Amino acid sequence: MKNMAPKISIIIPSYNEEKNISRCLDSVLNQTFTDFEVLCVDDGSKDNTFEIIKNYSEKDSRIIPLKNPDKGVSSARNFGIENASGEYIGFIDSDDFIQPQMYEFLYRAVTENNCDFSVCRYKKTSEVEFKAFEYKTEKFQPEKFISFDDTDYTINNELVFSSACTKLISKNFLGDIRFKNYKIGEDTVFNSEIYSKSDNNIFIDIELYNYFTNTQSVSFTELWNEKWFDLLETRFISYDILKNKNEILSAFYLERGMKSILSYRFNTKNSPNKNKFRNQINKYFKEYFISFFKCKNISFKNKISITLFLLIPPFYTAFRKMTDKTL
């Protein structure tokens, strides 16, 4: 007799995560909601990641090991979507872990409210800590998480709306939306597409996803390569997707795109990549500056400060000396 399809397909792309994959899978198997399959898509790991996944699959048939070698995280997630048999799809990064009630609450939210997808909060953490929570939902409102006057607040809430991992999405609603092949920022474009398509989603005001932070930091000078140019590009692409659909989110990505230009210009002075993307950066600046300055959902304070920093470099140099941090 053929097994019935699970309610949820959880997709976990992995690459060289032998140190973290067990923690991730243990948190999934510890879920209060149990009707799921876990599609672990290995992207050509050179360590024991895939062997660990296979060991888990031998103990629990819900764990499905798959290989999609050396094609990147976007391709791995898309491969998982194509092989998913669940009615709803969720994503977890293999170095993160989730709270026990995450998929129970997300599933209840999306089905009880007949929504296209449900969203939860996340927590940046370096420790494994499991908690019990009370279930509560409300209509998702991006303006609750975006403050154009408070960069720290925005950064600490951005993944609520820009990460695929904070969501449970109807597979029927998802349709042909897939992750684009960017080195970074692929979540941003993917989420912009689902937000542009949906007016019906629900929010769970609980930190159910645990974003495991890497304590090693890298300077912007080291990071400004093709990978980080992708991040700049995806922010402007997301603005274009959302500008006629969601004023708050589109304004956020427009502002973040302009700040990315600012970071590029002032953090690559001594970098070998100094001139690599100059023409593309200048093109983005010319194309989006007027829209940025006219945008009613970006604060006047930020418009003036970013404009001064971009057009009159000494202002930014002085600001950096005073604050010792980048925008």
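Start at 1 with the first residue, then count along the sequence. If you're wondering where the values come from, they're calculated on a predicted model, not measured in any experiment.
Checked options R178, K180, R77; the residue passing with E186 is R77 (criterion: salt bridge (Lys or Arg N to Asp or Glu O under 4.0 Å)).
Using the six-membered ring where Trp is involved, F190 and F179 have ring planes that are parallel, under 30° apart on the 30 and 60° scheme. Note on ring orientation: taking the six-membered ring where Trp is involved, the planes of F203 and F145 are perpendicular (angle over 60°, cut-offs 30° and 60°). Ring geometry for F289 against F285 counts as tilted: the plane angle lies between 30° and 60°, on a 0 to 90° scale.
The main-chain N or O of L242 is never found under 3.5 Å from a side-chain atom of S196 such that the two would form a donor-acceptor pair. Remark: side-chain polar atoms of N246 are paired, donor with acceptor, to backbone N or O of I248 under 3.5 angstrom. A donor-acceptor pair is defined here as one N or O able to donate and one able to accept, closer than 3.5 Å; no such pair exists between the side chain of N210 and the backbone of D96. Judged by distance alone, with hydrogens and angles left aside, the side-chain atoms of S238 form no donor-acceptor pair with the main-chain N or O of R235 at under 3.5 Å.
Between Y195 and F161, the distance separating the two ring centers is not shorter than 6.0 angstrom.
Using a 4.5 Å cut-off between side-chain heavy atoms of Ile, Leu, Val, Met, Phe, Trp and Tyr, with links allowed through other members, F50 and I64 fall into different hydrophobic clusters. F300 and F309 end up in the same hydrophobic cluster when Ile, Leu, Val, Met, Phe, Trp and Tyr side chains are linked at under 4.5 Å. Residue I92 is not grouped with residue V73 when hydrophobic side chains (ILVMFWY) are merged at heavy-atom distances under 4.5 angstrom, including chains of intermediate members.
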Practice item. Give the intermediate values and the outcome of ring pair (Phe, Tyr, Trp, His ring centres under 6.0 Å) for residues F97 and F130. Key: CA-CA 10 Å; F97 64 97; F130 293 111; 5.8 Å; yes
Exercise for review: Could you walk me through whether K71 and D43 pass salt bridge (charged side-chain N to carboxylate O under 4.0 Å, His left out), step by step?
Suggested key: CA-CA 6 Å; K71 295 183 180 179; D43 191 35; over 6 Å; no
Practice item. Go through F236 and L254 one step at a time and tell me if the side-chain contact (heavy atoms from CB on, under 4.5 Å) criterion holds. Key: CA-CA 6 Å; F236 286 117; L254 179 59; 4.1 Å; yes
**Study point:** Step-by-step side chain to side chain donor-acceptor pair (under 3.5 Å) determination, D47 to T49
**Key:** CA-CA 6 Å; D47 61 6; T49 300; 2.7 Å; yes
Practice item. Using the ring pair (Phe, Tyr, Trp, His ring centres under 6.0 Å) rule, take F292 and Y239 through it: C-alpha gap first, then chi angles, then the decisive distance, then the call. Key: CA-CA 10 Å; F292 163 73; Y239 163 71; over 10 Å; no
Review point. Would Y253 and D240 count as a side chain to side chain donor-acceptor pair (under 3.5 Å) if you check the C-alpha gap in whole Å, the side-chain angles of each, and the deciding distance to 0.1 Å?
Key: CA-CA 9 Å; Y253 287 121; D240 284 333; over 6 Å; no
Exercise for review: List the steps and the verdict of side chain to side chain donor-acceptor pair (under 3.5 Å) for K167 and N191.
Suggested key: CA-CA 10 Å; K167 298 169 180 69; N191 279 281; 3.1 Å; yes
Practice item. Given side-chain contact (heavy atoms from CB on, under 4.5 Å), test F105 with C120 step by step and report yes or no. Key: CA-CA 9 Å; F105 287 6; C120 70; over 6 Å; no
Exercise for review: Test Y103 against Y107 for ring pair (Phe, Tyr, Trp, His ring centres under 6.0 Å), laying out the working first.
Suggested key: CA-CA 6 Å; Y103 283 111; Y107 183 77; 9.8 Å; no
Practice item. I would like to know whether I12 and L25 meet side-chain contact (heavy atoms from CB on, under 4.5 Å); could you show each step before the answer? Key: CA-CA 9 Å; I12 306 177; L25 291 175; 3.9 Å; yes
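Rounded to the nearest 0.5 angstrom, I146 CD1 and I298 CD1 are separated by 10.5 Å. The structure places OG of S14 at 10.5 Å from CG of N68, a figure rounded to the nearest 0.5 Å. In this structure, the separation between CD1 on I63 and OH on Y56 is 8.5 Å, given to the nearest 0.5 Å. E233 CD to I281 CD1: the interatomic distance, rounded to the nearest 0.5 Å, is 9.5 Å. Atom-to-atom distance recorded for T166:OG1 and F91:CZ is 11.0 Å, nearest 0.5 angstrom. Within the model, atoms CG of D116 and CG of L174 stand 10.5 Å from one another, a figure rounded to the nearest 0.5 Å.
Using a 4.5 Å heavy-atom cutoff, the side chains of M102 and Q31 are in contact. Contact of the I155 side chain with the R256 side chain is registered, since non-hydrogen atoms from C-beta on lie closer than 4.5 Å. The side-chain heavy atoms of S22 and I52, taken from C-beta on, include a pair separated by under 4.5 Å. Looking only at side-chain heavy atoms (C-beta outward), N157 and R121 come within less than 4.5 Å of each other. Residues E207 and Q99 have side chains not in contact (no heavy-atom distance under 4.5 Å, counting atoms from C-beta outward). The closest side-chain heavy-atom distance from E37 to S85 is below 4.5 Å. Residues T307 and I304 are not in side-chain contact: their nearest non-hydrogen atoms beyond the backbone lie 4.5 Å or more apart.
Salt-bridge annotation for K19 and D95: absent, with no side-chain N of the basic residue lying under 4.0 Å from a carboxylate O of the acidic one.
In this structure, K144 places its NZ atom where more than 12 heavy-atom neighbours from other residues, nucleotides or ligands lie under 6.0 Å away. The 12-atom threshold is not exceeded at NZ of K136, counting heavy atoms of other residues, nucleotides or ligands nearer than 6.0 Å. The environment of K139 atom NZ is dense: over 12 non-hydrogen atoms of other residues, nucleotides or ligands sit within 6.0 angstrom. Crowding of F33 atom CZ: a count of heavy atoms from other residues, nucleotides or ligands under 6.0 Å exceeding 12.
Listed by first and then second residue, the salt bridge (charged side-chain N to carboxylate O under 4.0 Å, His left out) pairs involving residues 291-311 are E247-K296 (not counting sequence neighbours).
Shortest non-hydrogen contact noted between S45 and D42 is OG-OD1, 2.6 Å. Of all the heavy atoms in Y122 and E158, the pair that sits closest is OH-N, 3.8 Å. Shortest non-hydrogen contact noted between S9 and L39 is CB-CD1, 4.5 Å. Here the shortest heavy-atom pairing between F36 and V28 reads CZ-O, 3.5 Å. For D187 against A164, the heavy-atom pair with the smallest separation is OD2-N, 3.0 Å. In this structure, D93 and Y209 approach most closely via the heavy-atom pair N-OH, 3.1 Å.
Residues satisfying the side-chain contact (heavy atoms from CB on, under 4.5 Å) test with K46, not counting sequence neighbours, are Y15, N16, D70. Partners of T137 under the side-chain contact (heavy atoms from CB on, under 4.5 Å) rule, at least two apart in sequence or in another chain, are A109, N113, Y135, I202, I204.
A cation-pi arrangement is present between K197 and F173, with the terminal nitrogen or guanidinium carbon under 6.0 Å from the aromatic centre and inside a 45° cone about the axis.
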